[in-house]
Amino acid sequence: MVERDGCNSSLKALRVLRVSLVDELEGRIDSLLEILVSREVFTRDDREEVLCHLGPRARVREVLDILQCKGNEAADIFLSISHHQQEAQTHPKEGNADPPQSVEYKKVQQKHKDVIKRRSESMLFYNTRHGEKILFSEHYVNLLLADGHQGLDMKRHEVLTFGQKRLSLQQKSAVQRKITPAELFLSTNGKHPVKKVLVSGVAGIGKTILVQKMLFDFGGNRDHLGFDFIIHMTFRDLNLIDKPTNFRELVLRKNRHLAKELDNILENDHKLLIILDGFDEFRHYRSCDVDTFVTEPDEDAEVVEVLGSLMQGELLPNASIMLTSRPAAINHIPVGCIDRFVLISGFSLTEVQDFFLRYFQDSATADRMFAVVSANELMLTLCYIPAFCYIVCCILQESKDLCGESPKTMTDIYVQYLVALLRSHTQARAQTFCEGQKEGLSNVVLKLGRLAFLKLMEHQTLFYSSDKDVAELEGCILVSTFLDKTVAQEPGCTEEVYSFAHLTVQEFFAAVYCAVTDHPLPEALQQTTSPGEGSSGGHLDLFHRFLSGILAERNANLLSRQVGLSCNKEKVDSYRQRIIKELTMLCESGAPILNHLHCLFEQQDPSLALSVEPKTLQVNVSDETLSQMDYNAIKYFLNLTKGEILELDLTGTGVSCEALRDIQPLLLRCNRLWLGENILGMDAARVIADVLQVSEHLQQLGIGWTDIGDDELLAISGAIRANKKLEELWMEGNRVSYRGLLSLSDLTPYPLKKIVAIWNDLADTDPDSFCTQESITVSFTDDGIWEGWGEWVFKRCEVSSNDKLVTVLHKVCNISVHCLEGQWASNFYKQLLQLIKQRIEICTEDDMLRKLEKFETILSF
């Protein structure tokens, strides 16, 4: 059982721990229900009411709802019973081995492995020519997998909610631990089984390659996962389903060979792994947190309800699930049911070199090409992302060098990729194509771009041959260069289905189309003026970056010379003015800014950055797991600006010691620096101390929820003592003891006017002992401090999109906030409630509406 510390009644414990209890009790709710009846906590009518609900998780929720009406004594008995049940299951009885399976079952199992092996033995390269076969075993390069996604772990357990103490997940050993694919479903502590795994990573980082690796190993009997069957589905394929279906039909769509034994396979669901690849490509990705469930494999429902039931454990509760997604979409995954969060970090430098060797198949050529890339820092950075590494190799192979300038941005590389493939596949190796060729090429690229753009706006990545936009491409010999073709089999018919070889390729072509045609520019990159009206939720982030890069002069000229496509000068000027205007607004308001910085970086025009002249410079990149490319974009902008940075917010970004050292010159310019919700060890503390020791600007520092202890604080306090510039130190939710806090006692009230140290290891310390230190806050009793904090958080909420707003609400809205007393808390939550109601009035997305209404209910309690 999760500990109940921080709540003063069992009823409140049930509210606070509701998500954890649903996870914990779903496998034993029926037996628990019988005990509740026998103990006369529940009546028979109560039992019947619970059993009316389909699925174990829905029954747990109903039990919790009924207990809320029965009072604290009933809740106390319930918690005691569930605790004793769990204790009894800690030492399971021996002799529970799986029964032997039939000969037919084993035959189908081997047949399935043979099919999986055949499907996964070829590498899924993006422009593999027809008939060309590149063996996966010869080209696969290891990917770096890190265990733990701190931002999602915190959201999952609501670590930062008022009234709750730190949870054990914040221990350093559990975060960013390197793991192998074979370890994905192994329990880290030997107790809680890992059933549902979410693998996230940026575009091209290798999520699908990881899936292919797991399938390849399973098919070749090389895996150590212990599953009898792996069912692989892509959300691209699932997008094609537009009528009610059931899980059995979904499995058999591409696995007819399982039909005879499918009942046994589903009955033994604890030996079944279901891989769902590409959640961010799902048309209904915003609606998977369903409240209408299916519980049987044969039960028909909309595809989103089938998948939502699968993710939340209502359907096949004992099956293991692996989801992959880009980070932008993971806020829409019901993370309450996820047991492990895994972040793909791509390649290390050694893996990049290995990839070059495997690609070029000749060590001398590989070394020469790697030297070309190593001379360009940005290209080398991009090569840490497998898809981009492949594209760079493709450019080098086709061109024998880099055409034009050395690439400086992601768009530069994709433009050169386009030119290299067009040259290769048209056998035109001259510096420029002849006019007739260019005209034909430009028409094909425009048709591909139109298809990419229209479907991207509709969140579609697969296109039927009957689609008129696809039909217009019939007969174009270049289509196979950029589009993959498969056959979709439906009852009674078959039809060809096309897709761009990688989602980034579709996003790039869509941006080319938008840049070189009369199609109006999309709306603002983010809803900066009316954030509550909705946004793309990150689904168009890469498209906007490509668009910005294509509208830059160097790429516009290259496309004009090589492909015969020209950008309208008025569109270019209009776009530049928009970037200046929106960046200025975001810097002044402190709203999330990261994708705008990427768009600015893609332009590679210092004069554009210098034209951004905000009254205050606030850079908010919080709650984004930052990559090296993200830091490049941040550094590019801030290095071109002068003077003080009023605020830099790196909260929940996964910032490391190395990253802090890399941006140290920027930290020296900050007035307010927020580093909370990142795991910061002693090395990171020393970097912070170095900044504090010499900075003439830094007055407010936030290091809350960073797992620092007394030793790290001593290093930081020594630097504060040496420079005496810092005025506020926020360090809530850490491991600081009374001894560590004493190291700050001589720094108050000068220079430190405010120290916030709530939720540290001060349980054995009398709060009255700090009464003489008015600057030190260890509770919520100081209305002045918390009123200012509430104003700052509320301003952030006002300028945030609904997605970002929900992220903040997960941190500050929990039923246990009502344990708080104080006028500041009352005012703060009234303001939040009013803001949520305003957003609900104009929200047009059903999934987001449900989330906002949930928080409205909590705050109206």
Side-chain angles (χ1 to χ4, degrees), residues 150-151 526 582-598 600-601 609 612-680 684-706 708 716 719-720 723 725-731 754 756 788-789 792-793 795-796 799-800 804 807-808:
Q150 192 177 359
Q526 295 173 354
E582 293 184 5
L583 268 173
T584 301
M585 291 173 61
L586 292 170
C587 286
E588 291 178 349
S589 67
I593 199 173
L594 184 58
N595 207 50
H596 280 74
L597 297 183
H598 275 291
L600 181 70
F601 182 79
V612 180
E613 298 179 316
K615 296 175 183 176
T616 59
L617 182 55
Q618 301 177 69
V619 178
N620 174 10
V621 292
S622 62
D623 296 310
E624 304 273 1
T625 302
L626 298 181
S627 66
Q628 186 57 50
M629 290 174 64
D630 296 325
Y631 286 115
N632 288 345
I634 295 167
K635 288 189 295 182
Y636 176 79
F637 173 59
L638 291 179
N639 283 335
L640 288 169
T641 60
K642 304 298 180 184
E644 182 180 82
I645 302 169
L646 178 63
E647 183 170 81
L648 176 59
D649 192 348
L650 295 169
T651 302
T653 56
V655 65
S656 64
C657 171
E658 292 74 18
L660 287 174
R661 199 169 280 124
D662 183 38
I663 62 173
Q664 190 168 336
L666 302 178
L667 304 183
L668 292 171
R669 293 165 50 194
C670 294
N671 178 276
R672 304 197 297 255
L673 176 61
W674 308 117
L675 300 172
E677 300 175 43
N678 299 296
I679 299 301
L680 302 178
R686 290 193 182 107
V687 177
I688 296 169
D690 290 343
V691 172
L692 287 166
Q693 206 150 17
V694 296
S695 174
E696 295 295 318
H697 299 278
L698 191 55
Q699 294 182 345
Q700 297 180 32
L701 173 65
I703 49 174
W705 306 98
T706 56
I708 66 166
I716 292 171
I720 299 171
N723 195 15
K725 294 291 183 182
L726 194 71
E727 296 181 359
E728 292 187 16
L729 179 61
W730 293 69
M731 55 180 207
K754 184 186 299 183
V756 178
W789 173 86
W792 182 83
V793 172
K795 286 178 182 177
R796 282 294 179 83
V799 297
S800 294
K804 285 286 185 183
T807 300
V808 176

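Hydrogens, waters and symmetry mates play no part in the numbers below; they use all other heavy atoms, side chains included. Model, not experiment: these values are computed from the prediction.
In this structure, the side chains of Cys657 and Val687 come closer than 4.5 Å at one or more pairs of heavy atoms. When side chains are defined from C-beta on, Asn620 does not count as touching Val799, because their heavy atoms never get closer than 4.5 Å. Counting heavy atoms from C-beta outward, Tyr631 and Leu626 have side chains that approach closer than 4.5 Å. With a 4.5 Å cut-off on side-chain heavy atoms, Leu666 and Asn639 count as touching. Taking the side chain as every heavy atom from C-beta outward, Leu597 and Leu583 approach each other to under 4.5 Å.
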Please step through side chain to side chain contact (heavy atoms under 4.5 Å, CB included) for the pair Arg672 and Leu646, ending with a clear verdict.
-> CA-CA 6 Å; Arg672 304 197 297 255; Leu646 178 63; 3.9 Å; yes

Check step by step if side chain to side chain contact (heavy atoms under 4.5 Å, CB included) holds for Leu660 and Val691.
-> CA-CA 10 Å; Leu660 287 174; Val691 172; over 6 Å; no

Is there a side chain to side chain contact (heavy atoms under 4.5 Å, CB included) between Leu692 and Ile720 once you walk through the steps?
-> CA-CA 6 Å; Leu692 287 166; Ile720 299 171; 3.9 Å; yes

Run the numbers on Leu617 and Phe637 for side chain to side chain contact (heavy atoms under 4.5 Å, CB included), then give the verdict.
-> CA-CA 11 Å; Leu617 182 55; Phe637 173 59; 3.9 Å; yes

Dump the intermediate steps for salt bridge (Lys or Arg N to Asp or Glu O under 4.0 Å) on Lys804 and Glu624, then the final yes or no.
-> CA-CA 10 Å; Lys804 285 286 185 183; Glu624 304 273 1; 3.3 Å; yes

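Note on Glu647 versus Lys795: no salt bridge recorded, every NZ/NE/NH1/NH2 to OD/OE distance being 4.0 Å or above.
Checked by atom type and distance alone, the side chain of Arg669 never pairs as donor or acceptor with a backbone atom of His697 at under 3.5 Å. Within the 3.5 Å criterion, the main-chain N or O of Leu650 finds a donor-acceptor partner in the side chain of Asn678. The closest donor-acceptor contact from the side chain of Gln699 to the backbone of Leu726 lies at 3.5 Å or more, if one exists at all. Without hydrogens or angle criteria, Thr641 side chain to Leu638 main chain gives a donor-acceptor distance under 3.5 Å. In terms of modelled atom types and a separation under 3.5 Å, the side chain of Asp649 and the main chain of Thr651 share a donor-acceptor contact.
Note that CG of Leu701 and CD1 of Ile688 are 6.0 Å apart. Values are rounded to the nearest 0.5 Å. Rounded to the nearest 0.5 Å, atoms CG (Asn723) and CG (Leu698) are 9.0 Å apart. Atom CG of Asn595 sits about 9.5 Å away from atom CG of Asp630, to the nearest 0.5 Å. From Ser622, atom OG reaches atom CD1 of Ile593 across 11.5 Å, with rounding to the nearest 0.5 Å. The distance from atom CG of Leu680 to atom CD1 of Ile716, rounded to the nearest 0.5 Å, is 8.0 Å. Going from atom CD of Gln628 over to atom CG of Asp662 covers 5.5 Å, rounded to the nearest 0.5 Å.
In terms of heavy atoms, Ala689 sits closest to Ala719 at O-CB, 3.2 Å. Counting all heavy atoms, side chain and backbone alike, Leu586 lies closest to Pro592 at CD2-O, 3.7 Å. Contact record, Lys725 with Ser695: CG-O, 3.7 Å, taken as the closest heavy-atom pair. Heavy-atom minimum distance, Asp623 versus Glu677: OD1-OE1, 4.2 Å.
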